[in-house]
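Notes for the one structure printed next.
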Amino acid sequence: MKKANKKISREEKPRNLKSGEYNFYADVYDVVRQIPKGRVTSYGAIAQYLGTKMSARMVGWALNSAQHVHPRVPAQRVVNRNGMLTGKMHFSTPTEMEALLKKEKVFVKDEVVVDFEKKFWDPSKELTLK
DNA sequence: GCATTGACGAAGG
DNA sequence: CCCTTCGCCAATG
(Lines give C-alpha, C1' and ligand atoms only; values in the text may rest on other atoms or scores of the structure.)
Protein backbone atom coordinates (compact mmCIF):
# COMPACT_ATOMS: atom_id res chain seq x y z
CA MET A 1 0.00 0.00 0.00
CA LYS A 2 3.02 2.19 0.15
CA LYS A 3 3.11 2.85 -3.55
CA ALA A 4 -0.61 2.82 -4.14
CA ASN A 5 -0.97 6.41 -3.07
CA LYS A 6 0.67 7.93 -6.06
CA LYS A 7 -2.34 8.33 -8.25
CA ILE A 8 -4.98 9.52 -5.84
CA SER A 9 -5.36 12.78 -7.66
CA ARG A 10 -6.17 11.02 -10.89
CA GLU A 11 -7.72 7.72 -9.90
CA GLU A 12 -9.85 8.74 -6.96
CA LYS A 13 -10.45 12.21 -8.20
CA PRO A 14 -11.26 12.08 -11.90
CA ARG A 15 -11.36 15.29 -13.77
CA ASN A 16 -14.74 16.66 -12.88
CA LEU A 17 -13.56 20.03 -13.96
CA LYS A 18 -13.40 21.40 -17.42
CA SER A 19 -11.05 19.80 -19.87
CA GLY A 20 -7.51 20.92 -19.36
CA GLU A 21 -8.00 21.48 -15.66
CA TYR A 22 -7.15 18.41 -13.63
CA ASN A 23 -8.02 18.11 -10.00
CA PHE A 24 -4.34 17.74 -9.33
CA TYR A 25 -3.81 21.30 -10.41
CA ALA A 26 -6.71 22.62 -8.35
CA ASP A 27 -5.38 20.74 -5.37
CA VAL A 28 -1.98 22.32 -5.71
CA TYR A 29 -3.49 25.77 -6.04
CA ASP A 30 -5.60 25.24 -2.96
CA VAL A 31 -2.66 24.17 -0.85
CA VAL A 32 -0.45 27.00 -2.02
CA ARG A 33 -3.14 29.56 -1.25
CA GLN A 34 -3.30 28.24 2.30
CA ILE A 35 0.35 28.96 2.93
CA PRO A 36 0.46 31.55 5.72
CA LYS A 37 1.97 34.91 4.90
CA GLY A 38 5.63 35.04 5.72
CA ARG A 39 5.96 31.30 5.42
CA VAL A 40 7.34 29.15 2.66
CA THR A 41 7.15 25.52 1.66
CA SER A 42 8.71 23.15 -0.80
CA TYR A 43 7.44 21.31 -3.82
CA GLY A 44 8.12 18.01 -2.13
CA ALA A 45 6.03 18.97 0.91
CA ILE A 46 3.08 19.85 -1.28
CA ALA A 47 3.53 16.68 -3.26
CA GLN A 48 3.58 14.68 -0.07
CA TYR A 49 0.44 16.41 1.09
CA LEU A 50 -1.24 15.47 -2.14
CA GLY A 51 -0.01 11.92 -1.79
CA THR A 52 2.36 12.00 -4.72
CA LYS A 53 5.47 12.71 -2.74
CA MET A 54 7.61 11.02 -5.32
CA SER A 55 6.65 13.50 -7.96
CA ALA A 56 7.45 16.91 -6.63
CA ARG A 57 8.05 17.87 -10.24
CA MET A 58 4.36 17.77 -10.96
CA VAL A 59 3.79 20.45 -8.34
CA GLY A 60 6.09 22.78 -10.17
CA TRP A 61 4.35 21.95 -13.38
CA ALA A 62 1.01 22.81 -11.88
CA LEU A 63 2.37 26.07 -10.56
CA ASN A 64 3.57 26.93 -14.00
CA SER A 65 -0.06 26.99 -15.09
CA ALA A 66 -1.01 28.65 -11.84
CA GLN A 67 0.26 31.93 -13.20
CA HIS A 68 -2.65 32.01 -15.59
CA VAL A 69 -5.20 30.95 -13.00
CA HIS A 70 -7.76 33.50 -11.97
CA PRO A 71 -7.31 33.47 -8.16
CA ARG A 72 -3.72 34.56 -7.78
CA VAL A 73 -1.57 31.81 -6.38
CA PRO A 74 1.30 32.88 -4.10
CA ALA A 75 3.82 30.79 -5.93
CA GLN A 76 6.59 32.89 -4.48
CA ARG A 77 6.10 31.01 -1.22
CA VAL A 78 6.96 27.75 -2.90
CA VAL A 79 10.64 26.95 -3.21
CA ASN A 80 12.66 23.81 -3.59
CA ARG A 81 13.88 21.69 -0.69
CA ASN A 82 17.08 23.70 -0.52
CA GLY A 83 15.19 26.95 -0.03
CA MET A 84 16.24 28.26 -3.41
CA LEU A 85 13.92 30.34 -5.54
CA THR A 86 14.15 28.04 -8.47
CA GLY A 87 10.96 29.34 -10.03
CA LYS A 88 11.83 33.00 -9.94
CA MET A 89 12.77 32.95 -13.58
CA HIS A 90 9.25 31.91 -14.43
CA PHE A 91 7.71 34.98 -12.92
CA SER A 92 6.98 38.16 -14.79
CA THR A 93 10.44 39.31 -13.86
CA PRO A 94 13.30 37.40 -12.24
CA THR A 95 13.19 39.80 -9.31
CA GLU A 96 9.44 39.61 -8.81
CA MET A 97 9.62 36.54 -6.58
CA GLU A 98 12.23 38.00 -4.27
CA ALA A 99 10.36 41.27 -4.06
CA LEU A 100 7.11 39.55 -3.10
CA LEU A 101 8.85 37.50 -0.43
CA LYS A 102 10.61 40.54 0.91
CA LYS A 103 7.25 42.21 1.46
CA GLU A 104 6.31 39.24 3.60
CA LYS A 105 9.43 39.59 5.72
CA VAL A 106 10.97 36.63 3.97
CA PHE A 107 14.45 37.63 2.97
CA VAL A 108 16.58 35.98 0.39
CA LYS A 109 20.34 35.76 0.72
CA ASP A 110 22.37 34.40 -2.13
CA GLU A 111 19.37 32.84 -3.89
CA VAL A 112 18.39 31.10 -0.65
CA VAL A 113 15.65 31.92 1.86
CA VAL A 114 17.04 33.07 5.20
CA ASP A 115 16.02 30.78 8.08
CA PHE A 116 14.33 28.53 5.60
CA GLU A 117 13.81 25.78 8.16
CA LYS A 118 12.16 28.22 10.56
CA LYS A 119 9.82 29.63 7.96
CA PHE A 120 9.14 26.26 6.45
CA TRP A 121 5.46 25.35 6.45
CA ASP A 122 4.59 21.71 6.02
CA PRO A 123 0.99 21.21 4.81
CA SER A 124 0.94 17.63 6.05
CA LYS A 125 1.75 18.75 9.59
CA GLU A 126 0.39 22.25 9.96
CA LEU A 127 -2.71 21.85 7.88
CA THR A 128 -3.61 18.42 9.26
CA LEU A 129 -5.53 17.01 6.38
CA LYS A 130 -7.87 14.10 6.71
C1' DG B 1 2.12 6.08 -29.12
C1' DC B 2 7.08 6.74 -28.00
C1' DA B 3 10.68 10.08 -26.65
C1' DT B 4 11.90 14.26 -24.36
C1' DT B 5 11.37 17.53 -20.91
C1' DG B 6 10.53 19.79 -16.43
C1' DA B 7 9.52 25.67 -10.93
C1' DC B 8 12.22 18.43 -7.58
C1' DG B 9 14.45 15.18 -4.44
C1' DA B 10 17.29 11.61 -2.67
C1' DA B 11 21.35 8.96 -3.21
C1' DG B 12 25.96 8.03 -4.88
C1' DG B 13 30.75 9.37 -6.28
C1' DC C 1 31.30 18.81 0.76
C1' DC C 2 30.15 19.61 -4.28
C1' DC C 3 28.73 17.66 -8.41
C1' DT C 4 26.51 14.00 -11.08
C1' DT C 5 23.03 10.46 -11.83
C1' DC C 6 18.70 8.21 -11.35
C1' DG C 7 13.83 8.12 -10.26
C1' DC C 8 9.01 9.77 -10.56
C1' DC C 9 4.65 11.39 -13.07
C1' DA C 10 2.38 14.18 -16.26
C1' DA C 11 2.40 17.08 -20.34
C1' DT C 12 4.12 18.17 -24.80
C1' DG C 13 6.20 17.33 -29.47
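Reminder, nothing fancy here: chain letters follow the sequence lines and each chain counts from 1. Quick note: numbers below take in every heavy atom, side chains included, and nothing from hydrogens, waters or symmetry partners.
- Side-chain contact between R57(A) and Y43(A): absent, with no pair of heavy atoms (C-beta onward) separated by less than 4.5 Å.
- The CG atom of N64(A) sits 7 Å away from the P atom of dA7(B) (whole-angstrom rounding).
- At a threshold of 4.5 Å between non-hydrogen side-chain atoms, the residues V106(A) and K102(A) do not count as touching.
- Rounded to a whole Å, the CG atom of N80(A) is 14 Å from the C1' atom of dG6(B).
- Set against dG9(B), dG6(B), dA7(B), the side chain of R81(A) has dG9(B) as its closest nucleotide.
- When distances run from any side-chain atom of Y25(A) to the nucleotides dA7(B), dA11(C), dA10(C), the shortest one goes to dA11(C).
- Across all strands shown, A75(A) has heavy atoms under 4.0 Å from base atoms, whether or not it also approaches the sugar-phosphate.
- Heavy-atom distances to DNA chain B give each of S42(A) and W61(A) a nearest nucleotide, and the one nearer the 5′ end belongs to W61(A).
- In this structure, R57(A) places its CZ atom 14 Å from P of dT4(B), rounding to the nearest Å.
- Put simply, CD on E111(A) is 14 Å from P on dC8(B), counting in whole angstrom units.
- OP1 or OP2 of dC8(B) lies within a sub-4.0 Å distance of a side-chain N or O belonging to T86(A).
- As rounded to whole Å, 14 Å separates atom C1' of dA10(C) from atom CG of L50(A).
- Residues passing the side-chain contact (heavy atoms from CB on, under 4.5 Å) test with P94(A): none are found, sequence neighbours excluded.
- Here the C1' atom of nucleotide dC8(B) and the CE atom of M89(A) are 13 Å apart, to the nearest Å.
- Between F120(A) atom CZ and dG9(B) atom C1' the separation is 12 Å, expressed in whole Å.
- Between the C1' atom of dC8(C) and the CD1 atom of I46(A) lies a distance of 17 Å, rounded to the nearest Å.
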Inset, instruction - Starting from the C-alpha separation in whole Å, work towards a yes-or-no answer on side chain to side chain contact (heavy atoms under 4.5 Å, CB included) for R39(A) and F120(A). - result: CA-CA 6 Å; R39(A) 293 300 205 81; F120(A) 186 79; over 6 Å; no
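- Within the 4.0 angstrom heavy-atom criterion, no nucleotide atom of any strand lies near Q48(A).
- Counting heavy atoms from C-beta on, the side chains of K37(A) and R77(A) come closer than 4.5 Å.
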